[in-house]
Engineer: 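The structure is given below, and queries will be raised subsequently.
Not measured: the values here are computed from a predicted model. Reminder, nothing fancy here: chain letters follow the sequence lines and each chain counts from 1.
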Number of protein chains: 2
Amino acid sequence: MEDLIKILQSRNIHPSHQRIKILEILEKNEDHMNVNMIYEELLKEIPTISKTTVYNTLSTFAEKGLVHCLTITPEEMRYDYRANPHHHLLCTRCGRIIDVDVQCRYADTMEIDGHCIEEIQGYFKGICRECLSHDKAQKQK
Amino acid sequence: MEDLIKILQSRNIHPSHQRIKILEILEKNEDHMNVNMIYEELLKEIPTISKTTVYNTLSTFAEKGLVHCLTITPEEMRYDYRANPHHHLLCTRCGRIIDVDVQCRYADTMEIDGHCIEEIQGYFKGICRECLSHDKAQKQK
DNA sequence: TATTAGTTTATAATAATTATAACTATGGAA
DNA sequence: TTCCATAGTTATAATTATTATAAACTAATA
Ligand SMILES: [Mn+2]
Ligand SMILES: [Mn+2]
Ligand SMILES: [Zn+2]
Ligand SMILES: [Zn+2]
C-alpha cells in the first residue's frame with residue numbers, strides 16, 4: 001500500500017484511492033487484463049467506480065511509463081505492468097497472455113535498415129503449458 | 001490478372017470480380033492497409049462495392065492463409081499479403097507499417113518454456129527511414 | 001467562506017466490426 | 001427455356017471498445 005503510493009508519486013501521479021487500487025490490481029494480475037477485467041475487479045472494492053476512470057487512469061499510467069499497452073488481441077487493449085521488457089505468448093486455447101522470458105537478439109539495436117528503433121514488441125501465438133497438460137490429462141482417460 | 005485468378009483458385013477461393021480486385025490492391029500496396037484504405041481504393045473501380053464485402057473477403061483470405069492479420073495498430077486491423085514470415089516497423093511519425101527483414105532467433109523453435117509455439121508476431125516501434133531523412137532535410141534549412 | 005485545480009462520474013458520441021436478411025449472378029436439372 | 005439451389009454481394013442494423021463532454025465532487029488554499 002505504502003509501496004504503491006510511492007510508486008505513483010515517483011512518476012508524478014497523485015495517489016488517489018482509485019489509482020492505488022488500479023495499480024494494486026495490475027500488480028497482482030499475471031495475465032494482462034483488459035479494461036473490463038480491471039473494472040470488474042474494482043467493483044468489488046469500489047462499487048461506485050466508473051469505467052471512464054479506469055480508461056483515464058490507464059492512459060495516465062501509460063503516459064508516465066508505468067504500464068505498457070499491448071495490442072496483441074484485436075478486440076481490446078491489454079495492459080502490462082512488468083518493468084523489464086519481455087515477450088508474450090497469446091494462447092489460442094484459453095486466450096491468456098503470458099510472459100515469456102526470451103531475449104531478443106535485436107533488443108540493444110537502435111537501428112535497422114536505416115529505421116530508428118525505439119521499442120520492441122514481440123509475441124508468440126500458440127498453446128500454453130497449462131492447456132497442453134490439460135490436453136494430456138484428457139487423453140489419458 | 002490471370003495470375004491473381006490462379007492464386008485464388010489454388011486456395012479454393014472462387015475468383016469473383018470483387019475478390020480479384022481486392023487481391024490486386026493488396027499486392028500493389030506495401031504498407032499494410034486497413035479495411036477503409038482498401039475500400040477507398042476499390043470505390044475507384046467498383047463504385048457499388050460494399051464495405052461488408054471487404055470485411056468478408058479479407059476474413060476469407062485470412063482463413064485460407066492468403067493474408068495475415070496484423071494487430072499492430074490499436075485502432076484497426078491491418079492486412080499483410082507477403083508470403084514469407086517477417087517483422088514490421090510501426091512508424092510513430094507517419095503511421096506506416098513497414099516490412100523489416102530480420103531473422104528471429106526463435107523462428108524455428110516450436111517450444112518455449114513448455115508452451116507450444118505456432119506463430120511468431122513481432123514488431124518494432126520507431127521512426128522510419130523516410131521520416132528520419134525528412135527531419136534531416138528540415139534541419140539543414 | 002469562496003475559489004481553484006484536479007479527479008471522478010454519468011452520459012453521449014464515435015468508429016471498427018459483426019450480424020442479419022434481402023438481392024443478384026451463375027450453372028445445372030427438368 | 002424455365003426453375004431452382006448455391007454462393008457471393010449489398011444494405012442495414014446491432015454490438016462494443018474507446019473517446020469526448022460536461023457536471024459533480026474533493027481537497028487544498030487564499
Ligand atoms: Mn507481460
Ligand atoms: Mn508485412
Ligand atoms: Zn492456454
Ligand atoms: Zn515514417
Side-chain angles (χ1 to χ4, degrees), chain A residues 4-5 8-9 11-25 32-64 66-80 90 95 97, chain B residues 4-5 7-9 11-25 32-64 66-80 95 97:
Chain A
L4 297 174
I5 293 175
L8 290 170
Q9 282 169 341
R11 304 265 179 173
N12 281 319
I13 303 168
H14 179 77
S16 70
H17 181 47
Q18 286 84 341
R19 286 171 177 169
I20 294 168
K21 283 293 165 198
I22 290 174
L23 186 55
E24 189 176 52
I25 288 171
H32 309 89
M33 307 173 99
N34 62 25
V35 165
N36 218 46
M37 293 166 178
I38 296 167
Y39 176 68
E40 293 293 333
E41 277 300 304
L42 281 166
L43 280 181
K44 296 176 191 168
E45 305 201 52
I46 313 174
T48 59
I49 192 88
S50 132
K51 206 175 267 187
T52 307
T53 301
V54 186
Y55 275 105
N56 288 341
T57 303
L58 288 169
S59 86
T60 303
F61 284 7
E63 256 171 44
K64 306 283 184 172
L66 204 52
V67 298
H68 281 262
C69 301
L70 305 182
T71 56
I72 295 177
T73 51
E75 299 82 23
E76 81 288 290
M77 193 67 83
R78 301 292 194 113
Y79 296 88
D80 190 348
L90 169 63
I97 295 174
Chain B
L4 298 173
I5 292 174
I7 291 170
L8 290 170
Q9 281 168 341
R11 303 263 180 176
N12 281 318
I13 303 168
H14 179 78
S16 69
H17 181 47
Q18 285 85 342
R19 285 169 176 171
I20 294 168
K21 282 295 166 197
I22 290 173
L23 186 56
E24 190 176 52
I25 289 171
H32 309 89
M33 306 172 100
N34 62 26
V35 165
N36 217 48
M37 293 165 178
I38 297 167
Y39 176 68
E40 293 293 335
E41 277 301 304
L42 282 167
L43 279 181
K44 296 176 190 167
E45 304 201 53
I46 313 174
T48 59
I49 193 88
S50 134
K51 208 175 266 187
T52 306
T53 301
V54 186
Y55 276 105
N56 289 340
T57 303
L58 288 168
S59 85
T60 303
F61 284 7
E63 256 170 43
K64 306 282 185 173
L66 203 52
V67 298
H68 281 262
C69 301
L70 305 182
T71 56
I72 294 176
T73 50
E75 298 83 20
E76 81 289 289
M77 193 68 81
R78 301 293 194 111
Y79 296 89
D80 190 348
I97 294 175

Engineer: Check B:S50 against B:Y39 and note the closest heavy-atom contact, atom names and distance.
Structural biologist: C-CE1, 4.1 Å

Engineer: C:dT8 phosphate, OP1 or OP2: any side-chain N/O from A:T48 under 4.0 angstrom?
Structural biologist: no

Engineer: Closest approach of A:T53 and A:I22, non-hydrogen atoms and distance?
Structural biologist: O-CD1, 4.4 Å

Engineer: Where the side chain of A:H14 is concerned, which of C:dT7, D:dT18, C:dA10 is the nearest nucleotide?
Structural biologist: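 Nearest to the side chain of A:H14 among the choices is C:dT7.
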
Engineer: Are any of the side-chain heavy atoms of B:L58 and B:I38 separated by less than 4.5 Å?
Structural biologist: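 When only atoms from C-beta onward are counted, B:I38 and B:L58 do touch, with a gap below 4.5 Å.
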
Engineer: Send over the distance from B:K51 NZ to C:dA15 P, rounded to a whole Å.
Structural biologist: 10 Å

Engineer: Considering the options A:E41, A:E76, A:K51, which one meets the side chain to side chain contact (heavy atoms under 4.5 Å, CB included) requirement together with A:N36?
Structural biologist: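 Among A:E41, A:E76, A:K51, the one that satisfies the side chain to side chain contact (heavy atoms under 4.5 Å, CB included) with A:N36 is A:K51.
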
Engineer: Would you kindly give the CD-to-P distance between B:Q18 and C:dT26, to the nearest whole Å?
Structural biologist: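 From B:Q18 CD to C:dT26 P: 11 Å.
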
Engineer: Expressed in angstrom and rounded to an integer, what is the separation of B:K21 atom NZ from D:dT9 atom P?
Structural biologist: 14 Å

Engineer: Specify the separation, in whole Å, of atom CG of B:L43 and atom C1' of D:dT9.
Structural biologist: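 Taking CG of B:L43 and C1' of D:dT9, I get 14 Å after rounding.
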
Engineer: With heavy atoms under 4.0 Å as the rule, sort A:S16 into base, sugar-phosphate or nothing.
Structural biologist: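 Contact class for A:S16: sugar-phosphate only.
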
Engineer: Please report, rounded to the nearest Å, how far the P atom of C:dT18 is from the CG atom of B:N56.
Structural biologist: 10 Å

Engineer: Quick one: B:I46 CD1 to D:dG8 P, roughly how many Å, whole number?
Structural biologist: 15 Å

Engineer: By nearest nucleotide on DNA chain D, pick out whichever of A:T52 and B:R19 is the more 5' one.
Structural biologist: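 Closer to the 5' end of DNA chain D: B:R19.
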
Engineer: B:Y55 OH to C:dA16 P: how many Å, rounded?
Structural biologist: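 Between P of C:dA16 and OH of B:Y55: 7 Å.
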
Engineer: Just the rounded figure in Å: distance from P of C:dT7 to CD of A:E63.
Structural biologist: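 Those two atoms, CD and P, are 12 Å apart.
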
